[in-house]
Amino acid sequence: MIKLLQLGGTSNLIILKSQSHRLFSQLHKQKLLVKYLNVTHYLQPFKRNYATSEVSKVKSESRKRLVILGTGWSSYSVLKTVNKNIYDVIVISPRNHFLFTPLLASTTVGTLEFRSIIEPVRNTGFRDSAHYHLSYATHLDTKKQEINCTSVLKPSLQYSLRYDKLVIGVGALTNTFGVPGVQENAFFLKEIADARRIRNRILNNFELSVQPNIDPKEQQRLLQIVIVGGGPTGVEFGAELYDFVEQDLVRLYRQQSKQVRVTLVESNKILSSFDTRLQAYAERKMKQRKGFNILQTTVIEVKPDSVKLKDGTSIPCALVVWSTGLAPRDFTKTLNLTKNKSGQIITDRYLRVIGESAKNIFAIGDCADIEEMSLPCTAQVAERKGRYLSKFLNSDCNEEKVGPFEFKSLGMLAYIGHFQGVSDTPQLKIKGVASWFLWRSAYLTRLGSWRLRMQVPLDWTKTILFGRDISRIE
């Protein structure tokens, strides 16, 4: 005998109570039956949203609540790979997308479009649409196991969220080293919004330089750009500027393109983490370019119309891009957790925060470092930490099953302009066009989705065939 009961308002679920073992077996083989209490639920397979609120609530109570702070390389890696059958995953971040930072410099001059290197976080799939919060984490209460949040869209809206396990992956800020005027007058290159501001400033400066009644000295200043920091970000931004000048400005701003001056200021050696031969090659190539210069010194002040160097000299300029080191975010500073001298949260080899007896708080990415295993703050390290942490969480934090975190670098890549690059890998140390091809191929395969893997080559192709888009959009 079979009893059918149609639940009011829910056309997706029919409850069957069957005494027929034969019928039950047939349905079970078709994976259409789920047992709950003493009632067998027959679920229509072609419907996605088939669970009632009562069933969903019971299932949710059996899952642990995993709260992830941030949507950078480390946090996004956890979000994509953690087992959502084990955890209710809740993400808190003021940025609703993942940003492929190695190609960020390419967007500052229009080689790539902004949306070609970002992937919306919601595309990963949340069990509940309310499991993503466009908010800032403001305070952590480890005793109550709660995180306090403030809405990005409505700052007056403040609330708390409970967690069973917490992943802190809030990243870091660019370090100004206390240099006066940096916050007010320099541009950083960490987010899409930064790249957009830089792109608009470049276009504004060039347009203003061709307008009537502009003093020759002011015109010269408008066409001067200073990059502070000779790491991969600073070098690649300089490379993109060089390509922009050589491939586009010569036909769009013929006279002005001859007056462009780019100065890269670095206190040490450019690309200091690379092999010395590759460093020397990159430096030599950059110095050979007309209008491009490298200064080995430090900036002691950034003014609205110039930068002041350690020796007292001043460089007039209309754009300063600051790319030097990392500093902790305000939220990280407020945390009463074990930290190193740089303000990073210290973890063990299982990425658990040192000193937390509950062992349910993890820290990954640029905001954290491993005790007695300090690693560089790179996208590669952050992504690998995220993947490891997902594996550890999926094993219910079984140390014997997963083992401690290990890291082996796959190498470093940097673009230096004019279809040339440098590649420092454990197996190969290559430079020139071959390295540029490897740079593009490697990053193309690492993009977060097939949508981006299609958009980026299209942008590259459009740039080669039609030039860069110089439309000014505020």
Side-chain angles (χ1 to χ4, degrees), residues 66-82 87 89-95 98-99 101 121 136-142 145 147-149 163-175 190-191 231 233 273 325-395 397 399 402-410:
L66 173 67
V67 174
I68 302 174
L69 306 183
T71 50
W73 279 94
S74 57
S75 298
Y76 188 68
S77 181
V78 175
L79 176 61
K80 285 198 304 180
T81 54
V82 73
Y87 299 98
V89 182
I90 297 173
V91 174
I92 302 167
S93 175
R95 189 179 77 185
F98 164 72
L99 170 62
T101 50
V121 173
Y136 296 98
T138 56
H139 178 71
L140 171 63
D141 190 327
T142 56
Q145 293 194 172
I147 189 81
N148 296 341
C149 308
Y163 66 84
D164 294 312
K165 295 185 185 296
L166 176 67
V167 176
I168 304 173
V170 296
L173 300 172
T174 302
N175 198 338
K190 293 281 289 181
E191 303 287 346
T233 299
S273 57
L326 298 173
R329 292 187 180 274
D330 291 339
F331 172 74
T332 308
K333 292 178 183 177
T334 66
L335 297 176
N336 188 24
L337 302 173
T338 306
K339 300 172 192 172
N340 61 15
K341 293 181 180 179
S342 300
Q344 293 173 295
I345 303 166
I346 298 296
T347 71
D348 62 15
R349 292 282 296 278
Y350 299 94
L351 309 185
R352 296 173 300 206
V353 173
I354 295 290
E356 286 301 304
S357 57
K359 295 186 176 181
N360 63 345
I361 302 178
F362 305 84
I364 51 179
D366 293 347
C367 69
D369 201 12
I370 301 174
E371 188 178 38
E372 298 180 356
M373 186 186 171
S374 186
L375 295 171
C377 294
T378 64
Q380 182 184 166
V381 171
E383 196 268 345
R384 297 270 284 280
K385 280 185 176 181
R387 270 194 285 155
Y388 167 84
L389 183 54
S390 287
K391 186 177 178 182
F392 189 57
L393 290 169
N394 293 343
S395 72
C397 301
E399 297 181 15
V402 178
F405 175 74
E406 300 286 349
F407 177 77
K408 185 178 181 181
S409 176
L410 299 177

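For the numbers below, each heavy atom of this structure counts, side chains included, while hydrogens, waters and symmetry mates do not. Position 1 is the first residue of the sequence, and the numbers go up from there.
Distance NZ/K80 to CZ/F98: 6.5 Å, rounded to 0.5 Å. Rounded to the nearest 0.5 angstrom, L99 CG and T71 OG1 are separated by 9.0 Å. Distance check, rounded to the nearest 0.5 Å: CZ of F362 to OG of S75 gives 13.0 Å. If you take OG1 on T332 and NZ on K339, they are separated by 7.0 Å, rounding to the nearest 0.5 Å. The structure places CG of N336 at 9.5 Å from NE2 of H139, a figure rounded to the nearest 0.5 Å. The line from OG of S390 to CD1 of I364 is 7.5 Å long, rounded to the nearest 0.5 Å.
Put simply, the side chain of I361 reaches to within 4.5 Å of the side chain of T142, judged on heavy atoms. Between Y76 and I68, the closest side-chain pair of non-hydrogen atoms is not below 4.5 Å. Proximity of D141 to N148: side-chain heavy atoms (C-beta onward) are nowhere separated by under 4.5 Å. Contact check for K165 versus V67: no side-chain heavy atoms found under the 4.5 Å cut-off. Using a 4.5 Å heavy-atom cutoff, the side chains of K385 and L351 are in contact. Inter-residue side-chain proximity for C397 and K359 is flagged as unmet; no heavy-atom pair is nearer than 4.5 Å. Between F407 and V381 the shortest side-chain heavy-atom distance falls below 4.5 Å. S93 has its side chain out of reach of L69: every pair of non-hydrogen atoms, C-beta onward, lies at least 4.5 Å apart.
Ion pair R352/E356 not flagged as a salt bridge, since none of the NZ, NE, NH1 or NH2 atoms sits closer than 4.0 Å to an Asp/Glu carboxylate oxygen.
Side-chain contact check for S374 and D369: at least one donor-acceptor pair (N or O, by modelled atom type) lies under 3.5 Å.
With sequence neighbours left out, D164 forms a side-chain hydrogen bond (donor to acceptor under 3.5 Å, both in side chains) with R162. Residues satisfying the salt bridge (charged side-chain N to carboxylate O under 4.0 Å, His left out) test with E406, not counting sequence neighbours, are R349. Taking the salt bridge (charged side-chain N to carboxylate O under 4.0 Å, His left out) definition, one finds that R95 meets it with E191, sequence neighbours left out.
Between Y350 and F392, the distance from one ring center to the other falls under 6.0 angstrom.
Across every non-hydrogen atom of I345 and I168, the tightest pair is CD1-CG2, 4.1 Å. Considering all non-hydrogen atoms of both residues, Y87 and L393 come closest at OH-O, 2.7 Å. Of all heavy-atom pairs spanning C149 and T138, the tightest one is N-OG1, 3.9 Å. When all heavy atoms of C367 and G169 are compared, the closest pair comes out as SG-CA, 4.1 Å. When all heavy atoms of R387 and T81 are compared, the closest pair comes out as CA-OG1, 4.4 Å. Between T347 and A368, the shortest heavy-atom distance links the atoms CG2-CB, 4.4 Å.
The number of heavy atoms from other shown groups lying within 6.0 Å of OH (Y136) does not exceed 12. Atom NZ of K391 has 12 or fewer neighbouring heavy atoms from other residues, nucleotides or ligands inside a 6.0 Å radius.
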**Request:** Give the intermediate values and the outcome of side-chain contact (heavy atoms from CB on, under 4.5 Å) for residues I92 and I147.
**Result:** CA-CA 10 Å; I92 302 167; I147 189 81; 3.7 Å; yes
**Item:** Full working for side-chain contact (heavy atoms from CB on, under 4.5 Å) between V170 and D366
**Value:** CA-CA 8 Å; V170 296; D366 293 347; over 6 Å; no
**Message:** Would W73 and T378 count as a side-chain contact (heavy atoms from CB on, under 4.5 Å) here? Give the steps.
**Reply:** CA-CA 9 Å; W73 279 94; T378 64; over 6 Å; no
**Request:** Start with the C-alpha distance between R384 and L410, add both sets of side-chain angles, then the distance that settles side-chain contact (heavy atoms from CB on, under 4.5 Å), and finish with yes or no.
**Result:** CA-CA 11 Å; R384 297 270 284 280; L410 299 177; 3.8 Å; yes
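Of the possible donor and acceptor atoms, one in the side chain of N340 sits under 3.5 Å from a partner among the backbone N and O of Q344. Within the 3.5 Å criterion, the main-chain N or O of E383 finds no donor-acceptor partner in the side chain of S74.
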